[in-house]
**Student:** 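Next up is a structure, given as structure tokens.
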Amino acid sequence: MSTDAHRAVSRPAGAGALTRPGYEGMPRVRRLALAEVAVGVPAAAWGVRRRSVGWAVAGAVLMAHGVLELSYETVLPRD
């Protein structure tokens with residue numbers, strides 16, 4: 001069996017995508033959003049403690065993006 005044929009058999013279409021049609025993709029997106037918030041909080045705290053504007057802004061951006069991702073399903077519910 002050739003390598004291309006093996007890939008076609010072992011990996012279905014859409015495998016590895018962050019968002020898939022239906023409910024399957026949402027838990028992965030939620031975990032990513034929680035990870036962004038979890039990394040953003042200490043980064044922002046580090047920036048404030050060290051008086052580093054760059055770290056504080058990077059942490060704030062990560063936290064804001066994570067919170068927006070978490071609120072997306074609440075604001076725009078699925079049909």
Side-chain angles (χ1 to χ4, degrees):
M1 183 180 278
S2 72
T3 306
D4 293 331
H6 179 68
R7 284 186 193 142
V9 171
S10 65
R11 189 168 188 177
L18 277 180
T19 55
R20 294 181 189 155
Y23 186 72
E24 298 88 20
M26 289 309 295
R28 294 175 69 183
V29 172
R30 191 172 293 125
R31 283 192 304 246
L32 179 62
L34 287 172
E36 285 182 346
V37 173
V39 170
V41 169
W46 175 267
V48 169
R49 191 172 67 227
R50 298 288 181 169
R51 295 189 177 127
S52 172
V53 176
W55 279 104
V57 169
V61 167
L62 279 170
M63 287 188 296
H65 191 262
V67 167
L68 286 173
E69 284 182 31
L70 288 172
S71 67
Y72 180 77
E73 189 175 344
T74 304
V75 174
L76 298 172
R78 293 177 177 260
D79 292 334

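Quick caveat: nothing in here was measured; it's all calculated off a predicted structure.
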**Student:** Search all heavy atoms of G59 against all heavy atoms of A43 and return the closest pair with its distance.
**Tutor:** CA-CB, 3.9 Å
**Student:** Which pair of non-hydrogen atoms, one from A44 and one from A60, has the smallest distance, and what is that distance?
**Tutor:** CB-N, 4.3 Å
**Student:** Hey, could you give me each pair passing side-chain hydrogen bond (donor to acceptor under 3.5 Å, both in side chains) that has a residue in residues 44-56? Not counting sequence neighbours.
**Tutor:** none
**Student:** For V41, check side chain to side chain contact (heavy atoms under 4.5 Å, CB included) against everything at least two apart and list the hits.
**Tutor:** V37, M63
**Student:** Return the CG to NE2 distance between L68 and H65, rounded to the nearest 0.5 Å.
**Tutor:** 7.0 Å
**Student:** Run through the side-chain heavy atoms of Ile, Leu, Val, Met, Phe, Trp and Tyr, join any pair under 4.5 Å, and report what else lands in V39's cluster.
**Tutor:** L62
